[in-house]
Amino acid sequence: VSARAELRDRVEAAVADRPMIEAVHLATLRKVEQRRAGMSVLRDVEALRALAAQVKQHTLEQLPHYLEEFVLRAEARGARVHLARDAAAARRLIVRIARDNGATLAVKAKSMATEEVHLNAALSAAGLPVVETDLGEFIVQLDRDRPSHIVTPIIHKDRRQVAAALARELGCAYTEDPAELTRIARAHLRDVFRRCDLGITGANFAIAETGTLVVCTNEGNARMTTTRPAVQVTLVGIEKLIPRLIDLPVFLKLLARSSTGQPMTIYTNLITGPRGPDDPDGPDELHIVLLDAGRSDLLGGALEEVLRCIRCGACLNACPAYRNLGGHAYRSVYPGPIGALVTPLLSPGRGRELARLSSLCGACEAACPVKIDIPKLLVELRARTLDTQGVSKRLGMMAWRWVMGSPRLYAAAQQVLRMLNSARIGPWLGARFGALRAWTECRDLPPVPRQSFRQWWRETGQPPSRG
Amino acid sequence: MQGAMTVALMITCLTDTWFPRVGEALTRVLRHFGCRVEFPPGQTCCGQAAFNSGFQAEARAVARRLLTIFEPYYHVVTPSASCAMMLRCHLVELFEHDPRLRRAAERRAAGTHEFMTFLREHLGVKPEDHLHWSEPVTFHYPCHARGLYSPADLQAALGGAGPAPRPPGQVELCCGFGGMFAVDLPRLSGAMLRDRLHDLAATGVRTVICNEGGCALQLEGGARRLGLPLRCKHVAECLAESLGLMEAT
């Protein structure tokens, strides 16, 4: 099966899954509205977005400098900093840290970087059980499912599916009451927190000036993950750096608002080094693994600005294509518009066809808190992956170029359309091949009027010739 | 006409083929407001279909023709928000590495206007001062109008005498057209189209003001398939009718 046909089949299956699509519609449209309301109270949203974009862009342009500063500051505060060149290196490093510390049970706060390197599978293979502590991720794990959204991992599930998974896996009484379901999960996780000895997190930001990790959650699970176990490992992409502590509020104002419309996440943890002599809590050992995995290759290139992304998920919620596909159709840890970009860029060879899953409507760019020009980058990516487009499309574009390069061929093509139209082939131009068949799969082809504009102009419209 | 502003019409492939009445309306309205209107022969397409699909060489070939054809004109006016954006933004990107064509593309970008913005910014004409509505209308805001005017601008321009326009529930929602996207992944395009049509139909009105031929083709084809009583009309047609320059439809 060609890549082109494969994507088409995947799209058809996703679009046809009505219960899933309805769940995704409900949730994303609600989030779009919440974001709008949340942003509307800011005095100057555009200025704030511009500033956030500028800070991120500046950091990327000076990334070696800020990385060096971050490592220096974090180590000065007692953290142990590691650099992982790729996903395999990150897995090896973290498995080794777990072994060295004799870890028996790991807890994990939600982290896209750990998803990206498939850390859970590596730790399980090494004999270390890992429990997801974010409620959504916990349910995904229980149900042996995959997350379908970078912020709301079970956006594709309805309440009945969640209830069934908890009853089946935890042996509790079946209930669909969200508060009761949350209470059951909380009680279960509380016991896990009591027994765990390794805490794993990602980070939303890493502050170069102070060597600080910033972890934002709504459930407080990251706080538990970073205080209860004796050892903490944080995996963070190198693009998450920001220069100074004073830059942080710019992003805190935008992150939760973009995700869920909240002014801020309920918990915002700033973690600088392991537990000090005067600290009431915190890990005895803090490991920070800085993940490159394709990021530094993007620096200075035409697609560099994808590294500004703060993983807020606003582009997924805003995207009418994501809304009609759900996240699984992207077959990537990163779905949606930003996923269509970062998937092939961070893991070369994978997801090269995803750039086609967009009408380029620009809703993503309009929602992006760091002003990533997603449509422009998607077009750039399409230009680099013409081989995924199929022979017929490539031949079609060659033909298009001939037709549009010659007014006579162009007029002839119009005439052919008009004839097809008057011949009424099949059910209202139910053409059987090519672009016309694809068009008439979901819509009719409106009739072609007898006279084109240019014919009207020649016969009626143009001014009488002068003198 | 002494001192009249000369404008060249750019009536691109979809409008030329499926919505010739929109071109006629543009011609009549621009003349009404004192412009000398020309239609340079030889024009075909703005090149966006290839550009958006990543076929830059093909897009460049078509765009180069376009630059030559419109070279003699200072003002180019098009009824299509999308084609306007192609000329105002993307030609410069296409010719980034060719200094001569890049300069030509920059000049063309500055001198190319979407119809409604041209009326307002260059002729000082507000559509709302001239429009008369016999029935309420709703509107579809074309995604590519983002760089040209806001949904609020569009709603204000559709004020005028008679019933006020009824905005759809989701003011900025793509119709799913996206050029080649519509035929590349028809089921996805069709699902997005269904969302857009149901939202428009929920306003309970029949006429959708849509200043973009691509969206209009998609919306009209979809409405017909789903059996929804919706039709698209360009603001130029409404103006021409309100000004008595064309028969009402």
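Naming convention: chains lettered A, B, ... in sequence-line order (proteins, then strands); numbering from 1 in each chain.
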Open item on the list: So, taking the atom named CG in Asp195(B) and the one named CG in Leu29(A), what distance separates them when rounded to the nearest 0.5 Å?
Closed with: 7.5 Å
Open item on the list: Treating Ser359(A) as the side-chain partner and Gly178(B) as the backbone partner, does any N or O pair qualify as donor plus acceptor under 3.5 Å?
Closed with: no
- [ ] Name the region of Val37(B), side chain, backbone, both or neither, that has any atom closer than 4.5 Å to a heavy atom of chain A.
- [x] both
Open item on the list: Ring-plane angle category for Phe39(B) and Trp457(A), please: parallel below 30°, perpendicular beyond 60°, tilted otherwise.
Closed with: tilted
Task: Toward chain B, the part of Arg384(A) with a non-hydrogen atom under 4.5 Å - done: neither
Open item on the list: I'd like to verify something: which residue of Ala182(B), Ala49(B), Gly222(B), Gly179(B) has the highest number of heavy-atom pairs under 4.5 Å with chain A?
Closed with: Ala182(B)
Open item on the list: Testing the basics here: between Glu58(B) and Met398(A), what is the closest heavy-atom pair and its distance to 0.1 Å?
Closed with: OE2-CG, 4.5 Å
Task: Point-to-point distance, once rounded to the nearest 0.5 Å, from CG of Leu197(B) to CZ of Arg443(A) - done: 11.0 Å
TODO: Measure distances from Ser358(A) to the heavy atoms of chain B and classify the residue's part below 4.5 Å as side chain, backbone, both or neither.
DONE: backbone
Task: Non-hydrogen atoms of Asp16(B) and Tyr410(A) that approach each other most closely - done: OD2-OH, 2.6 Å
TODO: For Arg187(B) and Arg8(A), indicate whether the former's side chain and the latter's backbone hold a donor-acceptor pair under 3.5 Å.
DONE: no
Open item on the list: Quick check: do Gln170(B) and Val32(A) have side-chain heavy atoms less than 4.5 Å from each other?
Closed with: no
TODO: Using non-hydrogen atoms and a 4.5 Å limit, figure out which bit of Ala366(A) sits close to chain B: side chain, backbone, both or neither.
DONE: side chain
TODO: Evaluate the side chain to side chain contact (heavy atoms under 4.5 Å, CB included) criterion for residues Lys393(A) and Met180(B): first the C-alpha distance (whole Å), next the side-chain angles of each, then the deciding distance (0.1 Å), finally the verdict.
DONE: CA-CA 9 Å; Lys393(A) 174 96 171 272; Met180(B) 297 304 291; 4.0 Å; yes
- [ ] Could you pull out the closest heavy-atom pair between Phe453(A) and Gly23(B), with the gap in Å?
- [x] CE1-C, 3.2 Å
TODO: Step through the shown structure and confirm whether more than 12 heavy atoms of other residues, nucleotides or ligands are within 6.0 Å of CD on Glu459(A).
DONE: yes
Open item on the list: Please report the interatomic distance CE(Met404(A)) to CG(Leu66(B)), rounded to the nearest 0.5 Å.
Closed with: 11.5 Å
- [ ] Tell me, yes or no, whether the heavy-atom count around Arg18(A) atom CZ, taken from other residues, nucleotides or ligands under 6.0 Å, exceeds 12.
- [x] yes
Open item on the list: For Leu357(A), which atoms come within 4.5 Å of any heavy atom of chain B: side chain, backbone, both, or neither?
Closed with: both
Open item on the list: For the CE atom of Met397(A) and the OG atom of Ser53(B), what is their distance to the nearest 0.5 Å?
Closed with: 5.0 Å
Task: Distance-minimising heavy-atom pair for Arg31(B) and Gly461(A) - done: NH2-O, 2.7 Å
Open item on the list: Within the 4.5 Å heavy-atom criterion, are Val379(A) and Glu93(B) side-chain neighbours or not?
Closed with: no
Open item on the list: Could you check whether Arg356(A) pairs with Asp184(B) (Lys NZ or Arg NE/NH1/NH2 to Asp/Glu carboxylate O, under 4.0 Å)?
Closed with: yes
Task: Per-residue contact mode, Glu33(A) against chain B (heavy atom under 4.5 angstrom) - done: neither
Task: Proximity breakdown for Leu360(A) and chain B, heavy-atom pairs closer than 4.5 Å - done: both
Task: Expected output: side-chain Arg454(A) to main-chain Thr44(B) donor-acceptor under 3.5 Å - done: no
TODO: Determine whether Phe55(B) and Arg401(A) make a side-chain contact, defined as any pair of heavy atoms from C-beta on separated by less than 4.5 Å.
DONE: no
TODO: Enumerate the residue pairs fulfilling ring-ring contact (aromatic ring centres under 6.0 Å, His included) with a member in residues 18-38 of chain B, sequence neighbours excluded, ordered by first and then second residue.
DONE: Phe33(B)-His130(B)
TODO: Identify which part of Asn52(B) has an atom lying under 4.5 Å from any heavy atom of chain A, answering side chain, backbone, both or neither.
DONE: both
TODO: Counting only heavy atoms closer than 4.5 Å, note whether Gln218(B) contacts chain A via side chain, backbone, both or neither.
DONE: both
Task: Most chain B-contacting option - heavy-atom pairs closer than 4.5 Å, from Arg323(A), Lys376(A), Arg382(A) - done: Arg382(A)
Open item on the list: Please identify, among Arg21(B), Gln43(B), Glu220(B), His144(B), the residue contributing the most non-hydrogen atom pairs under 4.5 Å to chain A.
Closed with: Gln43(B)
TODO: Return the minimal non-hydrogen interatomic distance between Gly190(B) and Cys442(A), and the atom names on each side.
DONE: CA-CB, 3.9 Å
Open item on the list: Heavy-atom cut-off 4.5 Å, strictly under: side chain, backbone, both or neither for Arg28(B) against chain A?
Closed with: side chain
Task: Side chain proximity check, Val183(B) to Glu441(A), heavy atoms < 4.5 angstrom - done: no
TODO: To the nearest 0.5 angstrom, please state how far the CD atom of Glu365(A) sits from the SG atom of Cys143(B).
DONE: 11.5 Å
Task: Part of Leu193(B) within contact of chain A (heavy atom distance under 4.5 Å) - done: side chain
Open item on the list: Go through it in stages, so that I can follow the logic: the residues are Trp456(A) and Ile11(B), the test is side chain to side chain contact (heavy atoms under 4.5 Å, CB included), and I'd like the CA-CA distance, side-chain angles, deciding distance and then a yes or no.
Closed with: CA-CA 12 Å; Trp456(A) 175 83; Ile11(B) 308 294; over 6 Å; no
Task: Close side-chain approach of Gln451(A) and Pro20(B), heavy atoms under 4.5 Å - done: no
Task: Val15(A) to Leu188(B) - nearest heavy-atom pair and separation - done: CG2-CA, 4.2 Å
Open item on the list: Between Thr27(B), Thr15(B), Val22(B), who has the most heavy-atom pairs with chain A when the cutoff is under 4.5 Å?
Closed with: Thr27(B)
Task: Most contacts with chain A, counted as non-hydrogen pairs under 4.5 angstrom, among Gly176(B), Cys13(B), Gly42(B), Ser189(B) - done: Cys13(B)
- [ ] Working to the nearest 0.5 Å, report the span between CD of Gln415(A) and OG1 of Thr17(B).
- [x] 11.0 Å
TODO: Please look at Val448(A) and chain B and tell me whether the side chain, the backbone, both or neither of the residue comes under 4.5 angstrom of a heavy atom of that chain.
DONE: both
Task: Leu9(B), part contacting chain A, at a heavy-atom distance under 4.5 Å - done: side chain
Open item on the list: With a 4.5 angstrom heavy-atom cut-off, is it the side chain or the backbone of Cys89(B) that approaches chain A, or both, or neither?
Closed with: neither
